[in-house]
2 protein chains.
Amino acid sequence: MNNKEKLRKAGLRPTKQRMIIADILLDGINRHFTAEILQNEINSSGNSMSIATIYNCLKKFRNCGLIKQIESSKDTAIFDTNINQHHHFLDEETGELIDIENDEVNLRKLPEIPQGYLNNGVEVLIKIKKQI
Amino acid sequence: MNNKEKLRKAGLRPTKQRMIIADILLDGINRHFTAEILQNEINSSGNSMSIATIYNCLKKFRNCGLIKQIESSKDTAIFDTNINQHHHFLDEETGELIDIENDEVNLRKLPEIPQGYLNNGVEVLIKIKKQI
DNA sequence: TTTTACTTTAAAATCGTTCTAAACTACTTG
DNA sequence: CAAGTAGTTTAGAACGATTTTAAAGTAAAA
Ligand SMILES: [Mn+2]
Ligand SMILES: [Mn+2]
Ligand SMILES: [Zn+2]
Ligand SMILES: [Zn+2]
């Protein structure tokens, strides 16, 4: 399935801008990135795009499940092209995130979900620190 | 140990402002809060304080281990008076966080820490969603 | 082809947070 | 106690990420 079809299937109009972003993000390679990093890649690809459009697209892509947004306390939103359930190492000093595939983690015991709620995904974050 | 002693032991001068915050935060009750929520509580207690001072104090308290800051992708920093290692439920709709005590979670298998790094704490986040 | 709804954009606005620099205060030393 | 000094508080400005605005542009529908 090509990117135009992926966008259509997600219910998004395949505009020029969304296609440029899809060509960069939906290449099957897993990466973590910010809006600014993406803008640099767009520029490097010979295109250019308003930062508002980049944020608009990222929000649409996220809401459609084409990308994920990572729960981390950085001021800057970090997105992830790995949409499979998985986990992360986080170097709090640098903010660097490293994927942990889902089968690398196994939970023996989980708490009961609060009344009236459903489990909507478990994320394990392993904070790491450079050895001195 | 009273709050003045706690601050001294943490290496912090017990200023008027830090004592006001300590009286609110260090009462043994576990809660999650933002700088703005704390400012409202300070105001309700009949005191007032510059927002810069509140941020200064929270940073000092965090660095001394008197409180923790939670890894969340919200724009607003969330602090936690529960300084024991523990985990959270997160309602992504509302941003509400609920504590999970450490012994409620048990990991059967953890991935190998990357070369040159040390494990600096494991956090489990269980995303939850209101039942419809 | 015309109409409609959706999208993009530059620029302004917003919002949480940090910085600045001057006034203030806790602690130290004499 | 009386300076001295190092750390702290503050209002307001600045900052940086993100969102809003409103006008122009484009994709899809009729
Ligand atoms: Mn923040
Ligand atoms: Mn943010
Ligand atoms: Zn990832
Ligand atoms: Zn907590």
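Annotation: side chain of A:L38 is in contact with side chain of A:I21 (closest heavy-atom distance under 4.5 Å). Here the side chains of B:K6 and B:L26 are in contact, with some heavy-atom distance below 4.5 Å. At least one side-chain heavy atom of B:F33 sits under 4.5 Å from a side-chain heavy atom of B:T81.
Checked against D:dT18, D:dT8, C:dT9, the side chain of B:R18 finds its nearest nucleotide in D:dT8. Proximity note for B:Q17 (side chain, C-beta onward) versus D:dT9, C:dG16, C:dT9: the nearest is D:dT9. Taking every side-chain heavy atom of A:A35 into account, D:dT18 is the closest of D:dT18, C:dT8, C:dC19. Distance from the side chain of B:K60 is smallest to D:dT8 among D:dT9, D:dT8, D:dG12. Proximity note for B:M49 (side chain, C-beta onward) versus D:dT10, D:dT18, C:dT9: the nearest is D:dT10. Distance from the side chain of A:S50 is smallest to C:dA10 among D:dT9, D:dT19, C:dA10.
Between B:L12 and B:Q69, the residue anchored closer to the 5' end of DNA chain C is B:Q69, taking for each the nucleotide with the nearest heavy atom. The 5' end of DNA chain D is approached more closely, in terms of each residue's nearest nucleotide, by B:C57 than by the other of B:D75 and B:C57. The 5' end of DNA chain C is approached more closely, in terms of each residue's nearest nucleotide, by A:T53 than by the other of B:A52 and A:T53.
Across the protein-nucleic acid pair, A:N56 atom CG and D:dT19 atom P stand 9 Å apart, rounded to whole Å. Across the protein-nucleic acid pair, B:K16 atom NZ and C:dA23 atom P stand 19 Å apart, rounded to whole Å. The distance between atom CG of B:L7 and atom P of D:dT8, rounded to the nearest whole Å, is 11 Å. Atom pair B:I51:CD1 and C:dT14:C1' shows a separation of 16 Å (rounding to whole Å applied). Look at CG on B:L58: it is 10 Å from P on C:dT18, rounded to the nearest Å. Regarding B:E36, its CD atom lies at a distance of 17 Å from the C1' atom of C:dT18, rounded to whole Å. One atom, CD of B:Q39, and another, P of D:dT10, lie 10 Å apart when rounded to the nearest Å. Computed from coordinates, the A:I37 CD1 to D:dA17 P distance equals 11 Å when rounded to whole Å.
Neither OP1 nor OP2 of C:dT7 sits under 4.0 Å from any side-chain N or O of A:T15. Side-chain N/O atoms of B:R13 include none lying less than 4.0 angstrom from OP1 or OP2 on C:dT25.
Pairing each heavy atom of A:L12 with each of A:K60, the nearest pair is CD2-CD, 3.9 Å.
No engagement by A:K74 is indicated, since no non-hydrogen atom pair under 4.0 Å with the nucleic acid exists.
Using modelled atom types, one finds a donor on one side chain and an acceptor on the other under 3.5 Å when comparing B:D23 with B:N3.
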